[in-house]
Amino acid sequence: MLEVRHLSKSYGDTPAIGDVDFAVAEREFVSVVGPSGCGKTTLLKCIAGLLAPTSGEVKLEGDRVMALVFQEYSRSLMPWLSVRKNVALPLRRRSKEERARLVEEAVEAVGLRAHLDRYPWQLSGGMQQRVAIARALAYQPQILLMDEPFASVDAQTRADLEDLILEVRERYDVTIVFVTHDIDESVYLSDRIVVLGPSPTTVKEILGVDLPRPRDQVETKELPEFARLRAHVYRLIKREEARVAP
Amino acid sequence: MRRVAPALEVLVPLALLGLWAAWSASSDTFYYPPLTDILETFNETWVFERVGSDVVPSLLRLTAGYLIAVVLAVAIGIPLGLNRTARRAAAPIVEFLRAIPPPALLPLAIVVIGVGNSMKVALIAFVCLWPVLLNTIDGIRGIDPTLRDTARVYGVSRLATLPAAAPQIFAGMRTSLSLAVIMMVISEMVASTNGIGFFVLQSQRSFAIPEMWSGILLLGILGYALNLLFAAVERRVLAWHREAHA
């Protein structure tokens, strides 16, 4: 449903993305991993339409709605709006009843019902990111783009949010493109992983993750296949980093 | 400290007034009448003899000029803040106009607009425009890129721009308010038939020195009250900002 075709992006004369080519199927969970600074965020912004690619294209099947969740939750929520209004923000063209229902559902899905009338800055980091996720879900996207969404929260919260996203994915039937620099996270969550090389980045490998679902923070990570995939991706990225470093 | 502060805020001015009263009580200098005389005149003049004839016209001009300036400045500032090319093109013009000392425009304004209210309102608006305009431009430019991207993804850029820049716009409005009072007085001192500024100058010219003093006192009180009013509005509108950064 989503195709990234020979996409490249330069800032002036500085190439950020060399040539990236992959496709995402309906309801798939695809992670994009790569060494830091390789242009993962740039790629996601190109997919979201926030940046125009220098060449190549992002092809969407039909009229798909995309939502985007950023790493910096505190800066992507509107501090002047309550949780309820933040989540309702993208829904202003819907009817009042529908808006209320969508907000209700999304907030319920992320477990924030009790905090509807609080302000983002009154909430912890993990809860703020839940608000951002609820807002994305209420928008009812077919594709949810996530840019290192859990990189700024503590380990326990991170595990909770990872499981939350797997849960809401089922509930909302949404396709997810998930950018992360955390290899464990990518293996744990994904159906497939796109491994990128260093900047100007290209696709090094795309590998399928054949781990049983539902995933479990303890059991899944104990599986030999998890360890194998993890090691494989790790080596891919390390090897690329070593090649670039003098 | 919390208990002492409000007491000090009342006691210090009262003590100073007391000092003034004591120092001027036996004054027989024509230009420095006893404070009691000034207060008595104040009472006779401003409570509420000349409120309709001078205070109301002054405040109406001030309000009209100020509001015109704020609306214009925000309306011009938003596109300039969003568009770098427009900003560059406008910068020399803005800097030039802003550099003109507004009272220097008085003779021109009288010739072009006449001596009526429009001239005074126009001059007040001209003075107030620049601080709000520059702060609006800066505020819009300074909107967090993540916030901006989020608003774009959800198609709510228009909705998010103004509140995000509001704290800085208010800073400009605060500066402009003081300028508005100054310009109001200056414009009323030239070719005018009423207003507080007119009254102060007229009193001086007719050697009504206590009246002149009472007018100065009234201007001080008005400026102070306007600032309090502004602070109250700001506190309400920007409650989220104050608390988010507490």
At under 4.5 Å between heavy atoms, what parts of [range] are in contact with chain B? List them by residue number.
range                     : result
residues 77-91 of chain A : Leu77(A), Met78(A), Pro79(A), Trp80(A), Leu89(A), Pro90(A)
residues 18-25 of chain A : none
residues 43-66 of chain A : Lys45(A), Gly49(A), Leu50(A), Met66(A)

* Asked: Under a 4.5 Å heavy-atom cut-off, does chain A meet the side chain of Asp144(B), its backbone, both or neither?
  ->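 Contact with chain A involves the side chain of Asp144(B) alone.
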* To do: Can you tell which part of Ala164(B) gets under 4.5 Å to a heavy atom of chain A, answering side chain, backbone, both or neither?
  => both
* Least distance between heavy atoms, Thr146(B) atom then Ser76(A) atom -> CG2-CB, 3.8 Å
* Taking all atoms of both residues into account, what is the closest heavy-atom pair of Thr150(B) and Phe70(A), and its distance? ->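 Nearest pair, atom of Thr150(B) first, then Phe70(A): OG1-CE1, 3.3 Å.
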* To do: Measure distances from Arg135(A) to the heavy atoms of chain B and classify the residue's part below 4.5 Å as side chain, backbone, both or neither.
  =>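 Both backbone and side chain.
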* **Residues in side-chain hydrogen bond (donor to acceptor under 3.5 Å, both in side chains) contact with Glu105(A), at least two apart in sequence or another chain** =>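 side-chain hydrogen bond (donor to acceptor under 3.5 Å, both in side chains) list for Glu105(A), sorted by chain: Arg101(A).
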* When rounded to the nearest 0.5 angstrom, what is the spacing between CG in Leu147(B) and CD in Glu72(A)? -> 11.0 Å
* Heavy-atom count around Arg118(A) CZ within 6.0 Å, excluding the residue itself: above 12? -> yes
* Flag the one option from Pro145(B), Gly155(B), Ala160(B) with the top tally of heavy-atom pairs under 4.5 Å to chain A. => Ala160(B)
